[in-house]
Enquirer: 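One structure, as structure tokens, below. Some questions next.
For ligands, and for the atoms within them, numbers begin at 1 and follow the listed sequence.
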Amino acid sequence: MKSNRNNSLDPIAISNWRWAYFLDETIKAFSIFQPSPYPIKNDFLFRESFFGSSSNPKKVFLETWGLKTEKIRQARCACLQAGEITSVMNLVITPFNNYDLPFFGADFVTLPNGHLIALDLQPALKDDINHTQHVWDKLKPMHSRWQSKLPSGGDIPSEARQYFSPGFLWSRIPLGEEGDKLISQIIKPAFDEYLNFFLDLVRDSKILSKERSFKMLNGQKEYMRYRAEKDPARGMLRGFFGELWTESYINNILFDLK
Ligand code: DBV
């Protein structure tokens, strides 16, 4: 089936995609920053395939949304719906390295065994107080307020810990009514608060010196390298769309700062 998406800013058209509210909020919030499309080839703007048994094949849809602005090198969202249940939103916003800004990362995943929620303003230079203090001072109280209302996400891979801030909102929520209530009453307002705080930081950020910009760039590349290497969705994406397409998607679209 032909997709009518021609560039990364064209609206996402995946019916019953569970996370639409969050991308809509992101699009609205960015409208004040004069966004332009992020260059993404058609092969990666839209993709569909079948999975499950040949007697009862199910459809999987993936669409990629993206933009860039004066201070944001790339904001992109991988939007996936596989069958009735499996629904993924992987949103990462990467500022240009000549601003002292964190990444915005949201990994919202629904699988048959439940919802996984990972939301954070992730540091590019975790051990640099000039990079972290002005963010964490405000993020920590925000985080405690929301995390206290959610079930814990449990352990995360030890090697991944260094990429998260103390404001990492992390939860595993059961499917069903209770879960839906937590998503609409806690995750939605938490996401809006984290996103607005991030965009306030973007608005107020000043251009850095060459030397510091270089340091930021190395920090950003280290993060991208880790995420591209350890992407927890690699197996799923390969199953749906094959190894070649998946490796190109992960390394040339999702985590393309090399
Ligand atoms: N995660 C991605 C991309 C996805 C995606 C591009 C296109 O980086 C989805 C989709 N994340 C995704 C899926 C799962 C997770 C898990 C499908 C479930 C995997 C499974 O259970 O089979 C935050 N995402 C996770 C986990 C964490 C994150 C901590 C659980 C641990 C895991 O399964 O590895 N954000 C994610 C993460 C980092 C980050 C791993 C690392 C720095 O910043």
Enquirer: Of the choices Tyr249, Phe164, Phe168, which has the non-hydrogen atom that lies closest to atom 38 (C) of ligand 1?
Expert: Phe164
Enquirer: Which ligand 1 atoms are under 4.0 Å away from a heavy-atom of Tyr226?
Expert: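 So the answer, numbered in order with elements, is 41 (C), 42 (C).
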Enquirer: Among protein heavy atoms, which sits nearest to atom 26 (C) of ligand 1, and what does the distance come to when rounded to 0.1 Å?
Expert: Trp170 CH2, 3.9 Å
Enquirer: So which protein heavy atom does atom 19 (C) of ligand 1 come closest to, and at what separation?
Expert: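 Ranked first by proximity to atom 19 (C) of ligand 1 is Pro232 O, 3.9 Å.
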Enquirer: Is the NZ or CZ atom of Lys188 positioned over Tyr21's six-membered ring, under 6.0 angstrom from the centre and within 45° of the axis?
Expert: yes
Enquirer: Does any N or O in the side chain of Glu63 come within less than 3.5 Å of the main-chain N or O of Ala13, such that one atom is a donor and the other an acceptor?
Expert: yes
Enquirer: Considering distance alone, does some N or O of Arg172 sit under 3.5 Å from an N or O of ligand 1?
Expert: no
Enquirer: Which ligand 1 atoms are under 4.0 Å away from a heavy-atom of Ala118?
Expert: 23 (C)
Enquirer: Should you measure from each heavy atom of Ala233, which atoms of ligand 1 turn up under 4.0 Å away?
Expert: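 Answer for ligand 1: 4 (C), 5 (C), 9 (C), 10 (C).
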Enquirer: At what distance is the nearest protein heavy atom to atom 21 (O) of ligand 1, and which residue and atom is it?
Expert: Leu111 CD1, 3.9 Å
Enquirer: Any side-chain heavy-atom pair from Phe51 and Met236 closer than 4.5 angstrom?
Expert: no
Enquirer: Are any of the side-chain heavy atoms of Phe108 and Leu91 separated by less than 4.5 Å?
Expert: no
Enquirer: Can you tell me if Lys258 has over 12 outside heavy atoms packed within less than 6.0 Å of its NZ?
Expert: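 Yes, enclosed.
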Enquirer: Heavy-atom distances under 4.0 Å are what count here, so tell me which part of Ile250 touches ligand 1: side chain, backbone, both or neither.
Expert: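 None of Ile250 does.
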Enquirer: To the nearest 0.1 Å, how far is atom 23 (C) of ligand 1 from its closest protein heavy atom, and which atom is that?
Expert: Asp107 OD2, 3.3 Å
Enquirer: Do the non-hydrogen side-chain atoms of Ile117 and Ile173 ever get within less than 4.5 Å of each other?
Expert: yes
Enquirer: Quick one: which ligand 1 atoms are inside 4.0 Å of a heavy atom on Leu254?
Expert: 6 (C)
Enquirer: Is the cationic atom of Arg76 (NZ for Lys, CZ for Arg) positioned less than 6.0 Å from the six-membered ring centroid of Phe255 and within 45 degrees of its normal?
Expert: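 Yes, Arg76 lies over the aromatic ring of Phe255.
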Enquirer: Specify the protein heavy atom at minimum distance from atom 31 (C) of ligand 1: its residue, its atom name, and the distance to 0.1 Å.
Expert: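 Among all protein heavy atoms, the one nearest atom 31 (C) of ligand 1 is Pro157 CD, 3.9 Å.
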Enquirer: Can you name the atoms of ligand 1, numbered from 1 with element, that are less than 4.0 Å from a heavy atom of Arg227?
Expert: 2 (C), 8 (O), 35 (N), 36 (C), 38 (C), 39 (C), 43 (O)
Enquirer: Is any side-chain heavy atom of Asn252 closer than 4.5 Å to a side-chain heavy atom of Phe44?
Expert: no
Enquirer: Who's closest to atom 14 (C) of ligand 1 heavy-atom-wise, of Ile253, Leu91, Val109, Leu237?
Expert: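 The residue whose heavy atom sits nearest atom 14 (C) of ligand 1 is Val109.
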Enquirer: Do any N or O atoms from the side chain of Gln81 and from the backbone of Gly83 form a donor-acceptor pair under 3.5 angstrom?
Expert: yes
Enquirer: Is Lys71 atom NZ crowded by more than 12 heavy atoms from other residues, nucleotides or ligands, each under 6.0 Å away?
Expert: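 Buried by this count: over 12 neighbours within 6.0 Å.
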Enquirer: Where the closest heavy atom to atom 16 (C) of ligand 1 is concerned, which of Leu119, Asp231, Leu116 has it?
Expert: Leu116
Enquirer: Using a 4.0 Å cutoff against the non-hydrogen atoms of Gln122, which atoms of ligand 1 qualify?
Expert: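 Every atom of ligand 1 under 4.0 Å from some heavy atom of Gln122: 39 (C), 43 (O).
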Enquirer: Taking only heavy atoms of Tyr163, which atoms of ligand 1 are found under 4.0 Å from at least one of them?
Expert: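 Result: 42 (C).
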Enquirer: What's the verdict on ring pair (Phe, Tyr, Trp, His ring centres under 6.0 Å) for Phe168 and Tyr163, showing C-alpha distance, side-chain angles and the deciding distance?
Expert: CA-CA 10 Å; Phe168 177 40; Tyr163 299 101; over 10 Å; no
